[in-house]
**Student:** 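Right, I'll just put the structure down here and ask away after.
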Number of protein chains: 2
Amino acid sequence: MTDDSTNQENARKWTIYDIAREAGVSTNTVSKVFNRKSGVGPETRKRIEEIIQRVGFAPHIGARGLRAKQNACIGVSVPAPFDVAPVSQSFLLWMFALLYRVFSVHGEYICFDLSPFTARGEVDYARGIFEQLFKACVLVGPLALDDKRIHQVHKSGIPYMVLGRLDALPECSSAAVDYVTGAYLSTQYLLRRGHTRIAMLKAFQGYQPGIERLRGYGRALEEAGLPVDKSLIHNVKFGAKNVTSVVEDMLQDRSVTALIESSATEDGASVREGLRRAGRQPGRDIEIVSWTYKENASVLREEAAHLWLPVREAAEEGIGRLADWIYGRQNGPIQVLYQPVLRETAGEEEIEKPRRLFETLE
Amino acid sequence: MTDDSTNQENARKWTIYDIAREAGVSTNTVSKVFNRKSGVGPETRKRIEEIIQRVGFAPHIGARGLRAKQNACIGVSVPAPFDVAPVSQSFLLWMFALLYRVFSVHGEYICFDLSPFTARGEVDYARGIFEQLFKACVLVGPLALDDKRIHQVHKSGIPYMVLGRLDALPECSSAAVDYVTGAYLSTQYLLRRGHTRIAMLKAFQGYQPGIERLRGYGRALEEAGLPVDKSLIHNVKFGAKNVTSVVEDMLQDRSVTALIESSATEDGASVREGLRRAGRQPGRDIEIVSWTYKENASVLREEAAHLWLPVREAAEEGIGRLADWIYGRQNGPIQVLYQPVLRETAGEEEIEKPRRLFETLE
DNA sequence: CTGTTAGCGCGTTCAA
DNA sequence: TTGAACGCGCTAACAG
């Protein structure tokens, strides 16, 4: 819908057929000239190039893709609803800058799929692939344990990369951090310091990173000959502001002397408030290991140690490999797995309270 | 290029023809079912819907667009090279959040054109329109004074919006701030305070916002019966870190007693350093009006006044109007023009040093 | 070196 | 209610 001033003198879209008629040649020849292919005489080529230039011809990208079986864009899609996906503003921006660095030299279109998630996380995050708009796709964030769509993405043959693994599809193209080892290291550290009742604050209920945490936690306890007490494990969601109350609740049990803060909210202030409300004092009656995406940074000054999850680093390598896959320099699928690093906290700066992916959603 | 494991069992892409054969009907019928059109018997419809569901059919977006003349994405493109376009990280992120808010309910694809600019700013920022990938387009940032492409964009008839005006195309669809008035108000303010030798630090050489600054500046001087001394006007680029040295240079002339800092770099620290090197002391031998995109914030504590450019506010209204245009609730083109506001500085917080659009480019 | 022809997958027209 | 045929704009195979 346009008003008269724009409607009446709409520029006619030139097609390859128009150019051919103008130049007195066939469409085939025009196509060859435009795509810089051989088999056209120099003066014919020049004449056609001039017309293309003059009328500002640009081929219809849909028709071109239809015929040549090449899709138009590099896709970016988020497989999880926002309340489970901890995609921070800074991460998103960082990712965009990375995509820019890698793909702008190729003149790519970077296409974000804004297909809206319902409360049940039901929207198809992969439609850009199956509608054949995406020539490749980055899936930002974790997959649900019962995700089925990813199997089809995998079989589609287009280059893709998930920032996260999936048990149900071990050959999945991914760049991730090993959360099993992360939970294992965190638990083992606290066991060695004499704790036997170790609570865990975790996120990603129903998603792969959640199950990985449980697995590593269980493995360390098993090695120490201790049972897993499910009442020690508590979940938080990213949307709900309940870190404080969950921490308060879980520490009512005075037998609990240690806490693994693996919610990845990086929300030190809320944890601190929960500790205060529970009447706990870190270093005296509680020891904490907290998880962070930032190297050499603590979530909480009072923590005993922190675990660094090199998600950015894994993603960076993954994007590079994805580009290699797209441009035929290397085969897929991608298998990048970075190991987390546990480090005792000693004067590192605290992370500022992170902000959600889209402020406006709250 | 894929390795064997993915190659061998690539899922066959189902076409509307495959579905038709499977259901024992014609493609026409399948098309009607998929697009929820009438003229199909209920049991036929149901049978086809089940097949579509089972095989996960998704239509080829290119073929669909080709036939139905509907393009796939909302495009975002930056018409100016990065050294002249002051698109900050935070602005980009803010813009993305806004696009999310407006377009996610419609399930749109948001497509950024990463076509790389040469040093001469030569790449076509509008290719997504003419390749018929974009159904609408947001052009982020100013246009060059001699821009020709925008005329074709305008005539193409697709909804578009530029964050900036253009003299050469007054009917251009735009959401902008009136820099002429901004420069006029700034100059008039300093004239009233008794200054006659007013220097101007500006950006956007060769771009519309640059010429608007000169026009407003000249108009105020003319009204005061003063001549324009071109030696008082200095340009900076965003890429080069030369704010400091330009400020130092321009204030060597001791007859200059006032400065309009309209570079829009919001780089208070560099200005301060330039003042120091020139041996100037704000409030004693120099008075400054600085321009900012943030309301109620100063670029420099020592400035006499600041001019707020409500670019975000204009853009927000513009995006809303663009959506109205796209979805037929309103006609285009868009004409949004916000007025800047001059305010004497009194204890506002200073803006932190902003960061460039893409850190990695420097 | 150049033209003819076919067909990519879809939606639409027209006929049955 | 359904199907056959056509064409959107382009590229590729083949023929001259």
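Each chain gets a letter, A, B and so on, in the order the sequences are listed, and its residues count up from 1.
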**Student:** Just the rounded figure in Å: distance from C1' of C:dC10 to CD1 of B:I52.
**Tutor:** 13 Å

**Student:** Please determine, by modelled atom types, if A:D147 and A:Y125 share a side-chain donor-acceptor pair under 3.5 angstrom.
**Tutor:** yes

**Student:** Could you state the CG-P distance from B:L133 to D:dC10, rounded to the nearest angstrom?
**Tutor:** 14 Å

**Student:** Does a donor on one side chain and an acceptor on the other come within less than 3.5 Å for B:Y109 and A:E131?
**Tutor:** yes

**Student:** What is the separation between atom CZ on A:R36 and atom C1' on D:dT11, rounded to the nearest whole Å?
**Tutor:** 17 Å

**Student:** Could you work out which one of D:dA12, D:dT2, C:dG11 sits closest to the side chain of B:V40?
**Tutor:** D:dT2

**Student:** Would you classify B:K32 as touching base, sugar-phosphate or nothing, given that sugar-phosphate means primed atoms plus P, OP1 and OP2, and contacts are heavy atoms under 4.0 Å?
**Tutor:** base

**Student:** Is there a donor N/O on one and an acceptor N/O on the other, under 3.5 Å, for the side chain of A:R64 and the base of D:dG9?
**Tutor:** no

**Student:** With heavy atoms under 4.0 Å as the rule, sort B:F57 into base, sugar-phosphate or nothing.
**Tutor:** sugar-phosphate

**Student:** Does the side chain of B:K13 get closer than 4.0 angstrom to OP1 or OP2 of C:dC8 through an N or O atom?
**Tutor:** no

**Student:** Establish, for the pair A:R64 and A:F34, whether the NZ or CZ atom is under 6.0 angstrom from the six-membered ring centre and no further than 45 degrees off its axis.
**Tutor:** no

**Student:** What nucleotide among D:dG9, D:dT11, C:dC10 has an atom nearest to a side-chain atom of B:T15?
**Tutor:** C:dC10

**Student:** When the nearest nucleotide of DNA chain C is assigned to A:S38 and to A:Q132 on a heavy-atom basis, which residue is associated with the more 5' position?
**Tutor:** A:S38

**Student:** Report yes if at least one side-chain N or O of B:T27 is closer than 4.0 Å to OP1 or OP2 of D:dG3; otherwise report no.
**Tutor:** no

**Student:** B:L66 has an atom CG; how far is it from atom C1' of C:dG11, in whole Å?
**Tutor:** 10 Å

**Student:** Identify which nucleotide among C:dC10, D:dG9, C:dT4 has an atom closest to any side-chain atom of B:I16, counting heavy atoms from C-beta outward.
**Tutor:** C:dC10

**Student:** D:dC10 C1' sits how many Å from B:E131 CD, rounded?
**Tutor:** 13 Å

**Student:** By nearest nucleotide on DNA chain C, pick out whichever of B:N28 and B:G62 is the more 5' one.
**Tutor:** B:G62

**Student:** Mind checking if A:G41 touches a base, just sugar-phosphate, or nothing, with heavy atoms under 4.0 Å?
**Tutor:** sugar-phosphate

**Student:** Output the rounded distance in Å from NZ (A:K37) to P (D:dC10).
**Tutor:** 15 Å

**Student:** Please pick, from D:dA4, D:dT11, C:dG11, the nucleotide with the shortest atom-to-atom distance to any side-chain atom of B:R67.
**Tutor:** C:dG11

**Student:** Using every non-hydrogen atom in the two residues, find where B:I326 and B:P159 come nearest and quote the distance to one decimal.
**Tutor:** CG1-CB, 3.9 Å

**Student:** In terms of side-chain heavy atoms of A:K69, which of C:dT12, C:dT4, C:dG9 is nearest?
**Tutor:** C:dG9

**Student:** Looking only at the side chains, is there a donor atom on one of A:N28 and A:S31 sitting less than 3.5 Å from an acceptor on the other?
**Tutor:** no

**Student:** C:dG7 C1' sits how many Å from B:H60 NE2, rounded?
**Tutor:** 13 Å

**Student:** What is the distance from CD1 of B:I61 to P of C:dG11, rounded to the nearest Å?
**Tutor:** 11 Å

**Student:** Looking only at the side chain of B:T29 (C-beta and beyond, no hydrogens), which of the listed nucleotides D:dG3, C:dG9, C:dG11 gets closest?
**Tutor:** D:dG3

**Student:** Kindly indicate whether the side chain of B:M95, heavy atoms from C-beta on, has any atom under 4.5 Å from the side chain of B:L163.
**Tutor:** yes

